[in-house]
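See below for the structure under consideration.
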Amino acid sequence: MICLVLTGGTIEENVSLYERNKPYVDIVELRLDLLHESSRSRASIFPSLVDVPVILTVRRQIDGGVYEGSERSRLALIESSLDGDFAYVDLEDDIKRSAPEHKAREKHIRIIRSKHDFQGMPSDLYHRIAKISAKGEIPKLAVTPRSILDLITLFRVRTELKDVQEKIILGMGDYGLPSRILYKRLGSLWTYCADNPVAPGQISPQQMKELYRADRVNERTQIFGVIGNPVLHSFSPRIQNPGFHGINFNAIYLPFLVDSVRSFFILAEMLKISGFSVTVPHKQQVLPYLGKITREVKQIGSCNTVVRAKNLWMGINTDYYGFIEPLVTEIDNKNIQSALVIGAGGAARSVVWALRNHGCKVTIINRTIEKAQQLAEETMSSYDSLEHASSYSSVDLIIQTTSVGMIPDRDSDPIPDFTFNRNQIVYEMVYRPKYTKMLQRALESGCRLLFGIDMLVRQGKHQFEAFTGYHYPKRLEHSLQLEED
Ligand code: NAP
């Protein structure tokens with residue numbers, strides 16, 4: 001089930017919050033600590049105003065809530081609110097033999113026994129859950145994984161406690177996000193979502209239901225993802241998930257914040273992950289774990305896509321193909337014979353190797369000239385310093401591969417003195433914003449433009465093919481655009 005945490009200040013606000021999210025949620029949690037004081041006494045009417053089960057919670061500050069009164073008044077508020085038809089009441093693990101507890105039992109309201117850890121993971125995680133469950137209550141454990149190893153410990157709940165049918169387990173924070181989305185794989189009864197997050201890592205119910213379709217995950221669902229650090233901003237879930245849905249492929253694609261690639265491969269085995277995209281800074285670090293790589297991965301020395309192939313992991317580089325695709329015909333027709341590549345980082349490596357393999361003459365310019373020299377020597381290209389960009393104003397193609405111009409640095413241009421001419425093609429790899437300062441100048445000079453976002457989508461479509469064996473559904477392609485910033 002998907003649970004909406006109601007964060008409104010009044011009963012009426014919470015009813016409209018529920019109405020707005022109704023298509024996405026199965027259960028709601030009324031947080032009395034977030035209600036204005038004047039509205040709290042009316043909490044008992046709330047369950048009669050909505051048509052889903054309601055959890056009653058008054059969260060203390062030490063557990064991430066905002067309730068400021070005394071503990072006695074908090075318990076009294078819970079007790080009086082239980083006059084309403086709540087389905088569940090959330091009581092903290094350390095509250096023993098309280099009046100709300102007795103009243104809940106009398107009224108057959110199920111007790112959720114919760115424990116929050118905002119610092120890390122309790123060492124007696126499994127024991128705690130088993131103990132609460134033995135008392136006939138529903139254990140809820142919200143912990144904070146700080147690494148992939150912690151996330152592994154969390155996902156082991158499923159096997160360690162497979163006899164505990166009713167439990168709510170979630171990992172907060174960025175490392176915990178996969179546990180929120182794959183809540184069914186943890187054996188958790190539900191996952192918490194909010195329009196305005198009140199706990200670290202919460203996402204909106206609409207994202208949970210429509211983007212991830214988390215409630216549809218079953219034993220046969222294949223898991224895919226993207227690993228990186230940072231990674232939560234990644235656009236890839238918005239390419240892959242709708243694609244899976246579009247071809248009725250039972251799979252989910254989610255972001256994994258990864259501190260250690262080695263640990264991630266352990267998690268990948270444990271969750272039987274079928275494949276994943278790789279982003280900065282792990283594109284080289286995955287190489288030692290791959291049993292098979294393509295020629296491009298070997299040349300470039302980096303891999304952005306890993307798929308399970310029988311009993312080994314296979315690495316491919318879809319940046320290579322996503323980049324070169326719109327240029328191949330022009331290169332074959334000799335309309336493009338020379339290229340200036342700005343930058344010598346990871347993205348530039350795919351670009352230079354792709355151009356070189358297609359027979360195009362390349363000059364690399366970079367802020368750190370030694371890096372340009374190294375890449376040029378590997379690929380039999382030429383190199384120069386960034387300041388000499390103007391000397392190459394007659395090339396057919398200019399490719400911008402540095403991060404200069406990327407939000408929030410949108411007023412920067414890596415080659416401000418370069419004069420474009422209308423016969424040139426200008427290819428920008430930065431995708432946010434779509435029109436960088438450099439591209440705007442190229443547009444004013446009448447150049448043909450190629451955009452970073454389109455390359456991102458093309459490489460994502462290649463990943464989709466590697467993951468599923470099917471083409472990306474054509475009818476969805478028009479929706480693969482970023483909102484303009
Ligand atoms: P990277 O390996 O860190 O390389 C960064 C490059 O930018 C280096 O050449 C670096 O020069 C240069 N650079 C950074 N700051 C600079 C500055 N202030 N002035 C001049 N040069 C500067 O990063 P990457 O993986 O290649 O990614 C680069 C960009 O490409 C990012 O914006 C990324 O989002 C984008 N990208 C887009 C796609 C796509 O599908 N559209 C795919 C991959 C990457 P030094 O060597 O001197 O440090």
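What's counted below: heavy atoms across the whole structure, side chains too, no hydrogens, waters or symmetry copies. We count ligands from 1, going down the list as the structure has it; atoms in each ligand are counted the same way.
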Any N/O pair R367/ligand 1 closer than 3.5 Å: yes
Under-4.0 Å heavy-atom contact with ligand 1, by part of I453 that carries it: neither
Chi angles and distances behind the ring-ring contact (aromatic ring centres under 6.0 Å, His included) call for F467, F244: CA-CA 10 Å; F467 292 154; F244 294 155; 7.0 Å; no
Step-by-step ring-ring contact (aromatic ring centres under 6.0 Å, His included) determination, Y427 to F323: CA-CA 9 Å; Y427 200 145; F323 163 70; 4.8 Å; yes
Contact check: K283 vs ligand 1, nitrogen or oxygen atoms, below 3.5 angstrom: no
Ligand 1 atoms in contact with M406 (distance to a heavy atom under 4.0 Å): 32 (O)
Numbered atoms of ligand 1 (with element) below 4.0 Å of Y431, judged on heavy atoms: 34 (O), 41 (N)
Proximal candidate to atom 38 (C) of ligand 1 [heavy atom criterion; set Q400, Q284, M429]: M429
Contact check, G322 vs ligand 1, heavy-atom distance below 4.0 Å: no
N or O contact, K371 vs ligand 1, cut-off under 3.5 Å: yes
Interfacing atoms of ligand 1 (cut-off 4.0 Å, heavy-atom, G343): 9 (O)
Nearest neighbour in protein (non-hydrogen) for atom 27 (O) of ligand 1: A347 CB, 4.0 Å
Identified ring-ring contact (aromatic ring centres under 6.0 Å, His included) counterpart of F256 within the set Y175, F155, F264, F224: F264
Heteroatom proximity flag, G346 to ligand 1, N/O under 3.5 Å: yes
Residue part near ligand 1, for L456, under 4.0 Å between non-hydrogen atoms: both
Within 45° cone and under 6.0 Å: K140 NZ/CZ vs Y192 ring: yes
Heavy-atom pair of closest approach, residues S393 and F418: CA-CZ, 3.6 Å
Pair listing, salt bridge (charged side-chain N to carboxylate O under 4.0 Å, His left out) test, anchored in residues 341-358, at least two apart: R349-E378
Donor on one side chain, acceptor on other, N250 and T221, under 3.5 Å: yes
Pair R128 + D124, salt bridge at N-O below 4.0 Å: yes
Identity and distance of the protein heavy atom lying nearest atom 45 (P) of ligand 1: T368 OG1, 3.4 Å
Return a table of donor-acceptor pairs under 3.5 angstrom between the side chains of residues 266-279 and protein atoms on other chains or two or more places apart.
unit_1	atom_1	unit_2	atom_2	d
E269	OE1	R308	NH1	3.3
E269	OE2	W313	NE1	3.3
S274	OG	Q222	OE1	2.9
S277	OG	Y253	OH	2.5
S277	OG	Q463	OE1	3.0
S277	OG	Q463	NE2	3.4

Exercise: do S204 and D195 side chains pair donor with acceptor under 3.5 Å: no
For atom 4 (O) of ligand 1, the option (of G345, S403, A344) bearing the nearest heavy atom: G345
V430: numbered ligand 1 atoms lying under 4.0 Å from its heavy atoms: 32 (O)
Enumerated ligand 1 atoms positioned under 4.0 Å from heavy atoms of V404: 16 (C), 17 (C), 18 (N), 19 (N), 20 (C), 21 (N), 22 (C)
Pairwise side-chain contact, W190 with I2, heavy-atom cut-off 4.5 Å (strictly under): no
Nearest-contact summary for atom 29 (C) of ligand 1 - protein heavy atom, Å: T401 O, 3.5 Å
Residue and atom name of the nearest protein heavy atom (relative to atom 11 (O) of ligand 1), distance in Å to one decimal: N366 OD1, 3.3 Å
